[in-house]
**Student:** 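Structure incoming, see below.
Everything numeric here is computed off the predicted structure, so don't read it as measured data. Note on naming: letters A, B, ... go to the chains in the order of the sequence lines (proteins, then strands), and numbering restarts at 1 for each one.
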2 protein chains.
Amino acid sequence: MSRLTRDDIVVGAGRRFATYGYHGTSMRDLGEDLGILGSSIYSHIGGKQELLVAVVERGAAFFEEAASTVLAIEAPPEEQMRGLIAGHIGVLLDQRPEARTYLTQVDCLDKDEAERINKMRDEYEGAFYSTIVAGIDEGVFREDCDPRLAAIYVLSILNALERWYDEQGRLSRSEIVEDMYRFVIGALT
Amino acid sequence: MSRLTRDDIVVGAGRRFATYGYHGTSMRDLGEDLGILGSSIYSHIGGKQELLVAVVERGAAFFEEAASTVLAIEAPPEEQMRGLIAGHIGVLLDQRPEARTYLTQVDCLDKDEAERINKMRDEYEGAFYSTIVAGIDEGVFREDCDPRLAAIYVLSILNALERWYDEQGRLSRSEIVEDMYRFVIGALT
DNA sequence: GGTAGACAAACGAACGTTCGTTTGGTACGG
DNA sequence: CCGTACCAAACGAACGTTCGTTTGTCTACC
């Protein structure tokens with residue numbers, strides 16, 4: 001086992017925070033996971049809170065990158081929505097610890113950081129919102145639906161996946177993407 | 001200020017757990033909320049974990065009662081689904097601390113309790129599942145949808161409400177019920 | 001090419017604080 | 001006057017963090 005970098009620490013912290021929560025993780029626990037003492041972590045970072053910030057920021061970045069990749073390609077609203085759904089699920093399953101920590105541990109951040117992260121989350125939600133609005137404007141989505149709420153509903157379905165998805169389960173990732181896409185499009189049209 | 005009962009303690013614990021989480025709540029914090037010392041709580045309950053169990057059980061009971069009330073009335077699947085949605089939202093907003101604790105703090109329970117609670121949750125999910133299956137059988141819901149997943153999606157939308165609903169916001173409770181119902185029925189038909 | 005210096009990573013012990021919990025005493029309502 | 005809700009004090013353990021020191025590795029210079 002070679003020596004660790006700051007990134008190693010952040011990745012390990014993500015795993016712990018995702019499983020046991022911020023308050024449920026001690027620096028000694030984390031150290032044990034990494035094969036060093038809890039105190040040795042302070043060679044890499046300033047404190048526990050700073051660790052959480054780093055993990056949550058990584059999570060947010062993953063989602064934002066996925067969304068901007070999708071939005072960069074011109075496409076009809078339906079296809080854009082499929083891309084957003086697939087991208088979100090991809091991050092959720094490929095970057096599970098960071099994604100889960102980002103989704104569930106935000107209110108362990110102190111006030112300023114929490115506000116900043118929530119703004120990032122609002123921006124990300126905006127990608128879903130504008131896609132729905134575009135669909136309504138183009139007449140492919142129904143008009144009698146509040147796009148603000150619809151965006152929340154879609155993200156609610158997506159985010160909950162992290163709680164029930166089983167890697168060894170009967171459903172492949174693409175099957176889930178397809179099923180969720182069909183459900184969402186059914187609701188929007 | 002009169003003396004407290006065990007129920008007072010459990011209610012107070014629900015509020016704390018819902019806001020700060022199980023690990024983020026200390027017995028002294030809780031005591032301060034209740035106007036007594038943290039140690040005095042042990043006159044009413046055996047320990048912190050027992051408190052969490054009590055709160056979570058209350059939450060589960062609220063949901064179960066709401067569901068069984070709806071299922072007791074014979075009605076077409078669409079109306080039954082509306083009832084389940086309205087009932088779920090009612091519990092979520094009227095019993096917010098217990099509901100939130102039930103939804104977010106289950107994995108702070110030790111293994112046996114967690115298993116028991118998860119079984120109760122599966123049963124509750126079954127109410128949504130059977131309603132969807134009934135709708136498919138009667139031909140009012142579309143067939144090309146996995147009812148197991150659909151039930152999860154509906155509950156995902158409902159449960160997320162607890163995270164974004166603002167009592168002083170622009171939306172009344174019945175408006176939200178109506179909007180969610182329309183979204184769900186749109187997806188299922 | 002070998003050695004001395006620099007630097008970061010990790011240790012191990014201790015800091016003060018807070019945690020959940022226990023104990024023993026006190027006051028008050030039925 | 002009994003029972004219990006509560007207090008006051010204390011327990012040991014665990015917490016996040018700091019400290020001085022050791023270890024290992026890379027680099028610069030002879």
**Student:** Whole-Å distance between dG16(D) P and L52(A) CG?
**Tutor:** 13 Å

**Student:** Rounded off to whole Å, could you give me the CZ-to-P distance for the R6(B) and dA5(D) pair?
**Tutor:** 12 Å

**Student:** Mind calculating the distance between OH (Y42(A)) and P (dA8(C)) to the nearest angstrom?
**Tutor:**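 Those two atoms, OH and P, are 20 Å apart.
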
**Student:** Nearest to the side chain of S26(B) - dC15(D), dG20(C), dA10(C)?
**Tutor:** dG20(C)

**Student:** Flag yes if more than 12 heavy atoms outside R148(B) fall under 6.0 Å of its CZ atom; otherwise flag no.
**Tutor:**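 Incorrect, the count does not exceed 12.
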
**Student:** What is the distance, rounded to the nearest whole Å, between atom NZ of K48(A) and atom P of dT17(C)?
**Tutor:** 19 Å

**Student:** Report yes or no: is the cationic atom of R121(A) (NZ for Lys, CZ for Arg) closer than 6.0 Å to the six-membered ring centre of Y102(A), at no more than 45° off its axis?
**Tutor:** yes

**Student:** Ignoring hydrogens and angles, does a donor from either the side chain of R28(A) or the base of dG16(D) sit under 3.5 Å from an acceptor on the other?
**Tutor:**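 Flag set: donor-acceptor pair detected.
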
**Student:** At less than 3.5 Å, do the side-chain atoms of S43(A) and the base atoms of dA10(C) form a donor-acceptor pair?
**Tutor:**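 Answer yes: a donor N or O sits under 3.5 Å from an acceptor.
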
**Student:** Would you kindly give the OH-to-P distance between Y22(B) and dC19(C), to the nearest whole Å?
**Tutor:** 13 Å

**Student:** Tell me what T5(B) touches on the nucleic acid: a base, only sugar-phosphate, or nothing, going by heavy atoms under 4.0 Å.
**Tutor:** nothing

**Student:** Specify the residue among G46(A) and D29(A) whose closest nucleotide of DNA chain D lies further upstream toward the 5′ end.
**Tutor:**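 On the 5' side of the pair lies D29(A).
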
**Student:** Indicate, with yes or no, if the rings of H88(A) and Y124(A) have centres closer together than 6.0 Å.
**Tutor:**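 Aromatic pair counts; centres sit under 6.0 Å.
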
**Student:** Let's see if you can work this out: which of dA9(C), dG20(C), dG12(C) has an atom nearest to the side-chain heavy atoms of S39(A)?
**Tutor:**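 Nearest to the side-chain atoms of S39(A), counting from C-beta on, is dG12(C).
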
**Student:** If you draw a 6.0 Å radius around CD in E65(A), do more than 12 non-hydrogen atoms from other residues or ligands fall strictly inside?
**Tutor:**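 No, not enclosed.
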
**Student:** Which one, dT17(D), dC6(D), dA10(C), comes nearest to the side chain of L4(B)?
**Tutor:** dC6(D)

**Student:** Give the rounded distance in Å between these two atoms: CE of M27(B) and P of dC7(D).
**Tutor:**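 Going from M27(B) (CE) to dC7(D) (P), I get 14 Å.
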
**Student:** Quick one: E32(A) CD to dA10(C) P, roughly how many Å, whole number?
**Tutor:** 16 Å

**Student:** Any base atoms under 4.0 Å from G38(A), or only sugar-phosphate, or nothing? Heavy atoms, all strands.
**Tutor:**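 It contacts nothing in the nucleic acid.
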
**Student:** Mind calculating the distance between NE2 (H23(A)) and P (dG16(D)) to the nearest angstrom?
**Tutor:**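 H23(A) atom NE2 is separated from dG16(D) atom P by 10 Å.
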
**Student:** I36(B) side chain: which of dT21(C), dC15(D), dC7(D) is closest?
**Tutor:** dC7(D)

**Student:** Output the single nucleotide from dC6(D), dT21(C), dA10(C) whose closest atom is nearest the side chain of R3(B).
**Tutor:** dC6(D)

**Student:** Which heavy-atom pair separates I132(A) from F141(A) by the least distance, and what is that distance?
**Tutor:** O-CD1, 3.6 Å

